[in-house]
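Here the structure comes first, spelled out in structure tokens, and everything after it is commentary.
The chains referred to below are lettered A, B, ... by the order of the sequence lines, with proteins before strands, and numbering in each begins at 1.
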Amino acid sequence: MGFDLVRFVGEVDEELLCPICTGVLQDPVQAPACEHAFCKGCILEWLLRQSTCPVDRLSVNVLQLRPVPRILKNLLNRLYIVCENSNYGCQSVVKLDTLDSHLSECEYNPKRPFPCEQGCGLIIPKDEHKDHNCVKELRELVQKQQQKINEMHQDMATYRYEMTGIKDEMRVLKGYVRALRVCNPSVRAVADELERDEIERWSSSLPQARVTRWGGMISTPDEYLQNNIKQALIESGCPAHILDDLVKNCHERNWPSGLSSLETRQHNRRHYDRYNCKRIPGKQAVIVLPCDNIMVSDDMMSEPGLIMIFAHGIE
Amino acid sequence: MNNIATQRIKREFKEVIKSEELAKCSIKVDLVGDSYTELKGEIAGPPDTPYEGGIFLLEIKVPETYPFNPPKVRFMTKIWHPNISSVTGAICLDILKDQWAAAMTLRTVLLSLQALMAAAEPDDPQDAVVAKQYKEYPEIFAKTASHWTNVYAGGIICS
Ligand SMILES: [Zn+2]
Ligand SMILES: [Zn+2]
Ligand SMILES: [Zn+2]
Ligand SMILES: [Zn+2]
């Protein structure tokens, strides 16, 4: 729909009016043969009903509509129009082609979003501030969020239920694989290889580490520290089938003969100095895996690997 | 009523009121209430017709979808005319139906109605009885129409 004629300053030529809405042409297009011009919105609405020019009834359809000549656009753009927020106090009179940019920043626009200053800080259209009630708005917000939380609780219960099912299935599957492994040597070989691959993949994803202070070793970690290490291992993607054994191997009572006491450790210092170590992410601890340390002798290594925890000195 | 309809009717109402051309033809429009959805029209019977001297009142209802749909117009004054129902005042005129165009105005409609009164189209009748009489007994038709004008539209008696 066109702009109301009363908003314009000075005379507006009859040619610039839309014959349908009688306002000043907004977004004008013209019919192909007769060249009658209309607001785009107005003529589209009319063509929904009849495929004719509303002025002379010549045949016209939507696809035949054309842009109006530049001269007509220029004439329109030169018109001066009063801002539509004049009722709210805007006194701006702008050229028609700058109306949009004015409106986007017009301070008097009653719909301009504005943050509430009475406490809730919600952003609401300016004209709604008068009837705005922080408590009411926030209560609605809380209710909406409560509803969302309830929905999420329901989802969670569903997932938990599904997860239990999956865990059960896994247990059954694991048992099945174990049984297969025992009775069929070729399956055992394949399974062993898969597990080795998995360990190597995990190992190569961990950062290389260097121990600078072997003296800071904590060879008898308490349960709390062990759990701590276990959690870090899980997060780093440690293969499940070695996790528990690996965690056990962070205590000297499970270490091989070459490491099992302070004396033997001091004696074998030059050996473990050459360990190829991996860092447990975020911890002052390293993992020594057989696959990374093929040349190390049996009395300095145990399956599925060693964990050494330090007070400090890991790089 | 939507903005276009209101804006249009306001302008057209002013146009009719100010128009000297329409005053000369004795055409008037008045608002009914203040909503611009209903107006009252008034047409003087054209000279040299059986309607001369009569004043005919029209009911004009502006639909929500104006000007994309035509106004609904009906004679409130009883009239004897082939294209107007002698009972209900309903009008058979193409521009009030499928030949309506969005650029037409109250002015166009009222002038067309006056033209219709001056030149009936008996082949496209609204009132079959009147149309038959119009074609077969034009003199009786003229007398009846004139009588109706006199009785219902306050016209002078033609001899
Ligand atoms: Zn045209
Ligand atoms: Zn328009
Ligand atoms: Zn403004
Ligand atoms: Zn608030």
### Query
For A:E140, does the CD atom sit with more than 12 other heavy atoms under 6.0 Å from it, leaving out its own atoms?
yes
### Query
At a heavy-atom separation under 4.5 Å, does A:L17 approach chain B through its side chain, its backbone, both, or neither?
side chain
### Query
Would one find more than 12 heavy atoms of other residues, nucleotides or ligands at under 6.0 Å from atom CD of A:Q143?
yes
### Message
Can you confirm whether B:K97 is buried at NZ, in the sense that more than 12 heavy atoms of other residues, nucleotides or ligands lie under 6.0 Å from that atom?
### Response
yes
### Task
Evaluate whether atom NZ of A:K40 has more than 12 neighbouring non-hydrogen atoms of other residues, nucleotides or ligands under 6.0 angstrom away.
no
### Message
Given 3.5 Å as the limit, does a donor-acceptor pair link the side chain of A:Q50 with the main chain of B:D98, or not?
### Response
yes
### Task
Check whether any side-chain heavy atom of B:F68 lies under 4.5 Å from a side-chain heavy atom of A:L48, and answer yes or no.
no
### Message
Quick check for you: among A:I20, A:I43, A:D56, which has the greatest number of heavy-atom pairs under 4.5 Å with chain B?
### Response
A:I20
### Query
Is the CD atom of A:Q147 crowded by more than 12 outside heavy atoms at less than 6.0 Å?
no
### Query
With a 4.5 angstrom heavy-atom cut-off, which part of A:C18 approaches chain B: side chain, backbone, both or neither?
neither
### Query
Looking at CZ of A:R57 and CE of B:M104, how far apart are the two atoms once the value is rounded to the nearest 0.5 Å?
6.0 Å
### Query
How far apart are the closest heavy atoms of A:R49 and B:T65, and which atoms are they?
NH2-CG2, 3.7 Å
## Note on the structure
Okay, B:E12 and chain A: the region with an atom under 4.5 Å from a heavy atom over there is neither
### Query
When you look at CD of A:E107, are more than 12 heavy atoms from neighbouring residues, nucleotides or ligands closer to it than 6.0 Å?
no
#### Entry: Enclosure of A:Y88 OH (heavy-atom neighbours >12, cutoff 6.0 Å)
no
### Message
Return the SG to CD distance between A:C21 and B:Q7, rounded to the nearest 0.5 Å.
### Response
6.0 Å
### Query
Would you say the side-chain atoms of B:R11 pair up with the backbone N or O of A:T22, donor to acceptor, closer than 3.5 Å?
yes
